[in-house]
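Any value given below was found using the heavy atoms of this structure, including those in side chains, with hydrogens, waters and symmetry copies removed. Residue numbering restarts at 1 for every chain, and letters A, B, ... go by the order of the sequence lines.
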Amino acid sequence: MAGGDGDRHRAPKRHKSSTPSKAALVDESAEFDYADDFDDDAHDADTEVKKRDFTKLELKVDHASRPLWACADGRIFLETFSPLYKQAYDFLIAIAEPVCRPESMHEYNLTPHSLYAAVSVGLETSTIISVLSKLSKTKLPREIIDFIHGSTANYGKVKLVLKKNRYFVESPFPEVLSTLLRDEVISRARISPEDSLGAPSFTVSKTSGQIASGHEDLLNGMEIAAATEDKETHSFEIDPSQVENVKQRCLPNALNYPMLEEYDFRNDTVNPDLDMELKPQARPRPYQEKSLSKMFGNGRARSGIIVLPCGAGKSLVGVSAACRIKKSCLCLATNAVSVDQWAFQFKLWSTIKDENISRFTSDNKEKFTGMAGVVVTTYNMVAFGGKRSEDSEKIIEEIRNREWGLLLMDEVHVVPAHMFRKVISITKSHCKLGLTATLVREDERITDLNFLIGPKLYEANWLDLVKGGFIANVQCAEVWCPMTKEFFAEYLKKENSKKKQVLYVMNPNKFRACEFLIRFHEQQRGDKIIVFADNLFALTTYAMKLRKPMIFGATSHAERTRILYQFKNSPEVNTIFLSKVGDNSIDIPEANVIIQISSHAGSRRQEAQRLGRILRAKGKHQDRMAGGKEEYNAFFYSLVSTDTQEMYYSTKRQQFLIDQGYSFKVITSLPPAEEGPNLSYYTLDEQLELLSMALNAGDDMIGVERLEEDSDGKALIRARRSAGSMSAFSGAGGMVYMEYSTGKGKGVQKKHKDPSKRHHLFKKRYA
Amino acid sequence: MPQVMVVARNFMDMVAALPAGKLDMLYDSAFICEAVLRSLPPLAKKYALQMLYVLAPVTAAAMEEWVLDEYAAKHKVAIDKLLQLRVFVEVRDRRRDVSYKMNQKFQGNMQKYLVDGGSLPREPLPLSVTGRLPTPADLEAYALDQWECFLLQLINSSQVEKGSSFSSSMMKTFQRGLLSSRDGEASKLTENGFQFLLMETNAQLWYIMREYISSAEERGVDPTELISFLLELSFHKLGAAYSLNTLTDVQRIAIRDLAELGLVKQQQGRKDSWFIPTQLATNLSASLSDSSSNKEGFVVVETNFRMYAYSTSKLHCEILRLFARVEYQLPNLIVGAVTKESIYGAFENGITAEQIISFLRQNAHPRVADKIPAVPENVTDQIRLWETDLNRVEMIPSHLYEDFPSKEWFEQCCDYARDNGYLLWEDPKRMRLIVRGEFHPEMREFLRRQR
């Protein structure tokens, strides 16, 4: 049992019933999501403008020396040039959600969830209000103070405790537990003790007695005196499969008793320790240390999410967290390649022995020896619901039965919520740490992570990391490629609606721009280039035309490894083509140029993930810092066919990066005119041939790739059924049997001939 | 006669444009003469002073010897200026040689000025009459407030808190180019009106004054008298009080109009009424290039198209609303965004991309004004691209031909139109073609010959 629980006694705070105003504020906060900007209409804008007129706020006399404004609707503006910027930034990142963080002015939103995250790292209500008031240029609006009170008053009254693989809801206040049990969801989740005589009651434990009897020699006089007080802790057990629902009901937007979920790992004598330390050369950077301090604030481990950009060292943060807790750790990644990398990172940064770390994928079914260890596996392996092989079944049973100290979850932004539910119901862990680079989902279900994992503990400012030299300084460009007349004509036809994407991706002008960029960066700069294409038809066509290696879902592991090895080490292989399998799986530290030719609609996450592939810093540290020798050391190009829906999607995708402070420069004249004959698809005949290939490609070829999910070995044996076109069945996938016109190009030539000069046989045909 | 016709860019250009008779009347006033003398370029000023006591004409050839040969161009410019303003008058003797003589009125007034010394157009009222007068800071604030109120009235914003209404003469001035109004409709800004709002303050002020003077005759006012009075104003002491009793009716009306613009402040005592010139009035005789008003910028534009304006001014908010979506108004900060929709709204009102970009650069906050560029390049590029998007479609009058009897006939017509360079579009499948409108007669003739 956690002996220190009884010490966390707090004076009960005044509870304000401000649900209606909270609901209103939540709605208003939702209005300012950037995703909604694209749907604004004039009328809504007018209404909102009147609502957001805060000129009546009282300006403080010394407002010039204070760094921020706080609006009544929860919006906060922070000046980055203020002398107090650093302190204000650290404070705001703890209490508010960043909306956008360009160079001179940041914008944040206060939300119930961000305030929940703030109190979870130890900030108190009065501290939040007084610090915000000190930093604010204006007097704090009444609405903000009420909102902060309402969102934080009930924090810390309820705890979720894991003991001997069983979950308990604990509180020093029986009336709070009674309030919770009046909720239907929670009461249904309760497990009544077996010895109950029909009348429900709470388990009562006298912590002072145990302390006195168990650790008498450890207490000094004052602690003995305090321990003699008769403190009681009340609790009831809940069904493990319902933990998620119980936590959700306790969030600020429901019952508003957010559950405290801390792991007092130092006093955990039940679970065996894991002998693991950080190696001396593994020194976390300042921002990594800060993110870890959010997790281990008061000597305990908090559950939550840490957001760091790609290349900023999320792996080291994860390994450091495991080394501090020193208990068994379950690490979940998205695929087998990532599992290998995580296992490698644990061995690289920590002193863990090889026999204490194991991988569990369809290709690897290892077991660690000893009482404690690290298991690295995938979400899918744990959540898989079908039949397993005997070996897998044994390992899963061990995972299910073990009480894990740390559940380390990588790439939490891409895992479907239902998979989280399965994983969490199967595994029991004292502490959960989610890692991600982009806490943004197009379905706006970020809030689910608040109760599945925990609040956001830390989010780095991308621009600050660039200025500090920790990640690469990327030049972002959007290259506008006009559609050729023939491609655009086909694009506009109604019967080609399903082929719109393949048409704007296969635009010859886009191909030529891509070819030019590859040549430029390879020959004139000596760069390593990744070209991304979600569209498989485009991927194969571009890669084969340019004679570059490519990797997509169906590429075997051995082939992938060979290509990546050559890309890293060989001066002959400087460009590789990747499907979306490369978005977040493959480790490519050497790449510093990305060219996007095809993407998944308007996904902001994918755009950020792809940029992340080149964020890993290269070169000397001094040169990379602000004011260093290299202005840019990485390049990110989005190739967009103009006047197509790709333009709209492209604008939408970039929004996250633009709000992080990146700027996308528009390039409209690529490739240069004098390069024309040297690039592919220069003549009209070549372009028309490409057009016919695109139009005749089967539907299965022009669709977006669906990656196979890693699953247990037994399932892989099962045959798979897939749809195909008749032409593919007949073996004509690579050729087209249909007769087709060569297009208008040759027709133009015919028009110039004099009809009277035609042979009489042909003349008769056209009559 | 003046040899160079100059487009009016400052007061003196306007003076130079007056007919000779009116210009001579203008020189009845010693203050006008002094103001004109002050405004001359250095060489012209020297010539004027040199000729002050020369009564006989001096030949042009003799004057050319006053300067070295390499300065002949400057000499010519100076002489032209003096002739335009009729400080010099050209005379020809029996041998048709050109000579210059000083304007008698101008010469007489300046001689008197030198002998008797200068005097103010009118004496300021003593403090015993006016009591405590506004401080220079108060006057500056008053002038700015009044000017902003004027501009806000121009925008026709419902947020104008001061319920002031402008006199009919001012409204007519607006209507001459900035506002359009029809029966039953509220006034709204014209294309010129929107562009006016993005201009610099001195340029705006000059524009208004020019329109005010140009429209004087429509109001039954002699423009010469108006110009004379306005030039006199620039000789008044900033912040001093002057009695309204010393003014003519025309001048009193002008004072009332100028007060609405913030050039003077009117006050009333128990017995007397007086006006006090502000900084705007004393700047009237300055030209655009002499602008000493260098207001600090207040706008920061970010690479994510967000805009932050450090301003407490409602006018700034309305001006930014011309091309940006204003989202938050705080006591000293306006938050907005440059969006495609807001920029297109500006284009519809006749504002150009270059004007928007120029406005953002000129009003850049000091913290970003020294950056290169002060406005992020991706923002300026995008504004220009949005503008070129509007210009991608052009209209060509044309003729559509269809229902051809045969394929062969259709192809012959296509060849004929293409060979002459007038074919715009063809649809071989359905035998339709479009040619430029001016080609229609020839095409019709061709079809007739084919039949």
Approximate separation, where rounding is to 0.5 Å, of [X] [atom1] and [Y] [atom2]:
X	Y	atom1	atom2	result
B/N304	A/R101	CG	CZ	12.0 Å
B/E302	A/I658	CD	CD1	12.5 Å
B/L333	A/E79	CG	CD	8.0 Å
B/N378	A/E478	CG	CD	10.5 Å
A/F81	B/H365	CZ	NE2	6.0 Å

**OP:** Start with the C-alpha distance between B/L330 and A/F77, add both sets of side-chain angles, then the distance that settles side-chain contact (heavy atoms from CB on, under 4.5 Å), and finish with yes or no.
**Re:** CA-CA 10 Å; B/L330 291 150; A/F77 302 98; 3.8 Å; yes
Subject >> Under 4.5 Å from any heavy atom of chain A - which part of B/L385 >> reply: side chain
Subject >> Heavy-atom proximity to chain A below 4.5 Å, by part of B/V379 >> reply: neither
Subject >> Side chain to side chain, B/V300 and A/M105, heavy atoms closer than 4.5 Å >> reply: no
Original post:
How would you list, by chain and number, every residue that makes a ring-ring contact (aromatic ring centres under 6.0 Å, His included) with B/Y401, sequence neighbours excluded?
Top reply: B/H440
**OP:** Mind ranking A/C71, A/G661, A/P102 by heavy-atom pairs under 4.5 Å with chain B and telling me who comes out on top?
**Re:** A/P102
Original post:
Hey, are A/D73 and B/Y328 close enough side-chain-wise for a donor-acceptor pair under 3.5 Å?
Top reply: yes
**OP:** Tell me, for A/T138 versus chain B, whether the close heavy atoms (under 4.5 Å) come from the side chain, the backbone, both or neither.
**Re:** side chain
Identify the two heavy atoms, one from [X] and one from [Y], that lie closest to each other, and give their separation to 0.1 Å.
X	Y	result
B/Y308	A/C100	OH-SG, 4.3 Å
A/Y662	B/T303	O-OG1, 3.9 Å
B/R306	A/R75	NH2-NH1, 4.0 Å

